[in-house]
Amino acid sequence: MTVLLIDDDHEVLDASRQTLELEGFAVEATTSPADALDRLGPSWPGVVVTDVRMPGLDGFALLERVRAADPEVPVVLVTGHGDIAMAMRAVRGGAYDFIEKPAEPGHLVEVVRRALEHRRLVLENRSLRAQLAGGGSLEARIIGRSAAIERLRAAVAGLADAEVDVLLFGETGTGKELIARSLHDAGRRRAGNFVALNCGALPDTIIESELFGHEPGAFTGAQGRRIGKLEHADGGTLFLDEIESMPMHLQVKLLRVLQERVIERVGGNRPIPLDLRVVAATKVDLLRQAGEGKFREDLYYRLNVVTVPLPPLRERREDVPLLLRHFLDAAAARARRPAPPVDAAALARLAAHGWPGNVRELRNVAERMALGLGDGLAGGPVTGAGGGGIEPLAEQMDRIEKQLVEDALARCGGRVGETADKLGITRKTLYLKMRHHGLQRGDFTEE
C-alpha cells in the first residue's frame with residue numbers, strides 16, 4: 001500500500017513525506033499532478049494526498065481525474081484556511097477527507113492510516129468477488145484459499161469421474177451436501193439425477209419406502225406404485241446424509257444394493273438393476289459405532305472405499321473473509337439491499353470466533369449482517385435503520401426473533417426437534433416461525 005503525495009511546495013512535500021515514512025508508510029512524492037496520474041490505475045494499491053492550489057491541474061481537477069480512473073481510490077485534500085468550504089464540497093463530491101494547512105503530523109498520519117485501510121478493504125473485496133465469479137467451477141463452489149480447502153478441491157476433482165462410492169466425514173455445518181453435489185456435477189454422471197436423503201430426518205416406518213419405493217398394496221395406504229430414491233438416482237448420484245441414523249435392518253438391504261446394484265420395491269419381487277453412485281455422509285466415527293453395535297461393520301467397510309474428511313471452519317479461519325463475502329452478497333441480494341462493508345475490527349472478531357456451527361453458522365451471521373445487525377455474533381453491536389436509527393417495534397421484535405431461532409438451530413446442529421425442546425415450544429410452532437422468517441425446512445433435520 002502506497003501513499004502518493006502531491007504538492008508544488010518542495011518544503012511542504014518533504015516534511016509530509018518524512019512524517020509518513022517515520023510511521024512506516026511507503027511514500028511516493030511528486031510536485032507534478034500529471035506525473036501522479038500516470039501512476040494510477042483501477043487496481044492501484046494506495047491513496048492520494050494532494051494540495052488543492054497548484055498551477056495547471058489543481059486538487060479539484062485532479063480529484064475528478066482520479067475518480068474517473070477508479071472512483072474508490074481515497075483522495076485526501078490538503079487545504080489552506082480559505083479553501084475549507086471548497087474542500088468540504090469536494091468531500092461531498094467524492095473526496096475521502098481534507099486536512100487543513102499546515103498539516104498537524106498526528107492528524108495527517110491518522111487520516112492516511114484510515115484511508116489506506118479503506119483502500120485495502122476495497123481491493124480485498126474486489127479480489128474476493130473475482131474469485132467467487134467462477135460460474136460452476138470447483139473454486140467458485142468450494143470456497144476458500146486455505147491448504148485444507150485446496151486439498152478438498154483436489155480430492156473432489158480426482159474422485160469426480162471415479163466409479164467408487166464415497167464416504168464424507170465432517171462436523172455439522174461443514175458442507176457435506178455441497179461436496180456431494182460437487183462430486184456429482186463435476187463427474188460424468190452430471191446428466192443424471194442428484195438425489196439427497198437425510199437418513200435422520202425420516203421415521204423408520206417410511207424410510208424403507210423412501211429408499212426402495214413400493215408396489216400398490218404393499219402396505220396400508222399404498223394405493224399406487226412409487227419410485228424410491230435409489231431408483232430415481234439411476235444413472236446419477238444418491239446422497240445419504242447422516243448414514244449413521246439408518247435403521248439396522250435397512251443397513252443390511254443397503255449393503256446388498258452397494259454390492260449387487262439391484263433393488264426390489266417394497267411389496268415387489270422383480271429385481272431392478274441400478275447404475276448409480278452412492279455418496280454417504282456422517283458426523284460420527286462409524287468404526288467406533290460399529291464396535292458398539294450401533295452400525296454394521298460390513299457396511300462401514302463397504303462405504304469406506306474412499307473417505308473424504310471435511311475440515312471444520314475453526315481449522316481454516318483464513319477462509320472466513322472469502323466465505324463471508326460470498327454469503328453477504330447472496331443475503332443482500334435476497335434482501336434487495338446493498339451488501340454492507342465489513343471493517344477490520346469485525347473481521348478480526350469473526351476470525352477469532354470458535355464457529356461450533358461451522359460454515360452454516362457463518363452463513364447465518366452473514367444473513368444478520370446483511371440485515372444491519374452488527375457483526376452478526378451474539379453480543380455484537382446492533383444497529384438500527386431509518387427514522388434516526390429507530391425502527392418500528394414490530395420490525396425489531398421480528399428481526400430479533402429470527403436471530404434467536406437461527407442461533408438456536410445452529411447451536412443444536414440444525415436438529416428441529418431438539419431446537420424446539422430447547423426453546424420450549426412445539427415442533428409445529430417452530431416450523432411456523434421458520435416459514436415466517438424464510439428459513440428453508442430442507443436445510444434442517446427432523447430430530
Side-chain angles (χ1 to χ4, degrees), residues 1-10 12-17 19-21 25-101 103 107-134 321 325 328-329 332-333 336-344:
M1 300 293 288
T2 303
V3 183
L4 179 55
L5 284 175
I6 310 166
D7 198 311
D8 61 330
D9 186 321
H10 288 276
V12 173
L13 190 67
D14 289 341
S16 298
R17 181 180 59 197
T19 296
L20 295 173
E21 287 178 343
F25 296 113
V27 180
E28 295 180 13
T30 180
T31 58
S32 168
D35 178 55
L37 286 170
D38 291 339
R39 310 184 192 195
L40 302 181
S43 298
W44 180 69
V47 302
V48 174
V49 180
T50 179
D51 189 21
V52 170
R53 294 189 179 275
M54 295 181 292
L57 193 68
D58 66 13
F60 297 109
L62 178 65
L63 170 64
E64 292 181 6
R65 298 277 290 275
V66 171
R67 287 182 58 77
D70 186 341
E72 293 182 292
V73 171
V75 177
V76 179
L77 301 176
V78 182
T79 70
H81 180 72
D83 300 323
I84 291 179
M86 289 187 295
M88 291 181 67
R89 287 198 299 273
V91 168
R92 288 193 290 268
Y96 180 79
D97 206 342
F98 70 90
I99 299 173
E100 186 178 357
K101 281 187 174 181
H107 183 55
L108 173 64
V109 167
E110 179 59 27
V111 170
V112 167
R113 181 173 285 118
R114 284 191 286 106
L116 284 170
E117 176 63 15
H118 174 81
R119 182 60 172 168
R120 185 188 67 78
L121 289 172
V122 165
L123 294 178
E124 182 176 275
N125 283 337
R126 287 182 185 175
S127 174
L128 298 182
R129 285 193 171 99
Q131 292 182 55
L132 295 172
R325 184 74 269 157
L328 268 179
D329 286 346
R336 297 182 181 180
R337 59 174 68 185
V342 184
D343 60 29

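In this text the structure is predicted, and so the values were computed from the model without any measurement.
- Within the 4.5 Å cutoff, side-chain heavy atoms of L40 are placed close to those of L4.
- No side-chain heavy atom of T50 sits less than 4.5 Å from a side-chain heavy atom of P33.
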Item checked: E117 vs R114, salt bridge (charged side-chain N to carboxylate O under 4.0 Å, His left out): CA-CA, chis, key distance, verdict -> CA-CA 5 Å; E117 176 63 15; R114 284 191 286 106; over 6 Å; no

Next item on the list: Kindly indicate, with the supporting measurements, whether the criterion side-chain contact (heavy atoms from CB on, under 4.5 Å) is fulfilled by V78 and V52.
Entry: CA-CA 6 Å; V78 182; V52 170; over 6 Å; no

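- D35 and T30 are linked by a side-chain donor-acceptor pair at a separation below 3.5 angstrom, with hydrogens and angles left out of the test.
- We find the CG-NZ distance between D9 and K101 to be 6.0 Å, quoted to the nearest 0.5 Å.
- The closest side-chain heavy-atom distance from T19 to V109 is below 4.5 Å.
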Next item on the list: Take R119 and V73, measure what side-chain contact (heavy atoms from CB on, under 4.5 Å) needs, and give me the verdict at the end.
Entry: CA-CA 7 Å; R119 182 60 172 168; V73 171; 3.5 Å; yes

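- The shortest distance between side-chain heavy atoms of T79 and I99 does not fall below 4.5 Å.
- Residues L37 and L62 form a side-chain contact, since some pair of their non-hydrogen atoms from C-beta on lies under 4.5 Å apart.
- Considering all non-hydrogen atoms of both residues, A36 and I6 come closest at CB-CD1, 3.4 Å.
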Next item on the list: Decide yes or no on side-chain contact (heavy atoms from CB on, under 4.5 Å) for S16 and D7, but give the supporting numbers first.
Entry: CA-CA 10 Å; S16 298; D7 198 311; over 6 Å; no

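- Between the CG atom in L328 and the CZ atom in R325 there is a gap of 5.0 Å [rounded to 0.5 Å].
- Using a 4.5 Å cut-off on side-chain heavy atoms (C-beta onward), V112 and V76 make no contact.
- Put simply, the side chain of R39 does not reach to within 4.5 Å of the side chain of T2, judged on heavy atoms.
- Contact annotation: the side chain of L121 never approaches that of P341 to less than 4.5 Å [non-hydrogen atoms, C-beta and beyond].
- Nearest heavy-atom pair, P74 versus A115, reported as atom, atom and distance to 0.1 Å: CG-O, 3.6 Å.
- Annotation: the span from M1 atom CE to L123 atom CG amounts to 6.0 Å, rounded to 0.5 Å.
- For the atom pair Y96 OH and E72 CD, the distance stands at 13.0 Å (nearest 0.5 Å).
- Remark: R17 CZ is packed, more than 12 non-hydrogen atoms of other residues, nucleotides or ligands lying under 6.0 Å away.
- Interatomic distance, CG of D70 versus CZ of R67, reported as 9.5 Å (0.5 Å rounding).
- Rounding to the nearest 0.5 Å places NE2 of H10 at 5.0 Å from OG1 of T31.
- Here the rule is side-chain contact (heavy atoms from CB on, under 4.5 Å) with L5, and of D14, D51, V12, V27 only V27 fits it.
- In terms of heavy atoms, P338 sits closest to A332 at C-CB, 3.9 Å.
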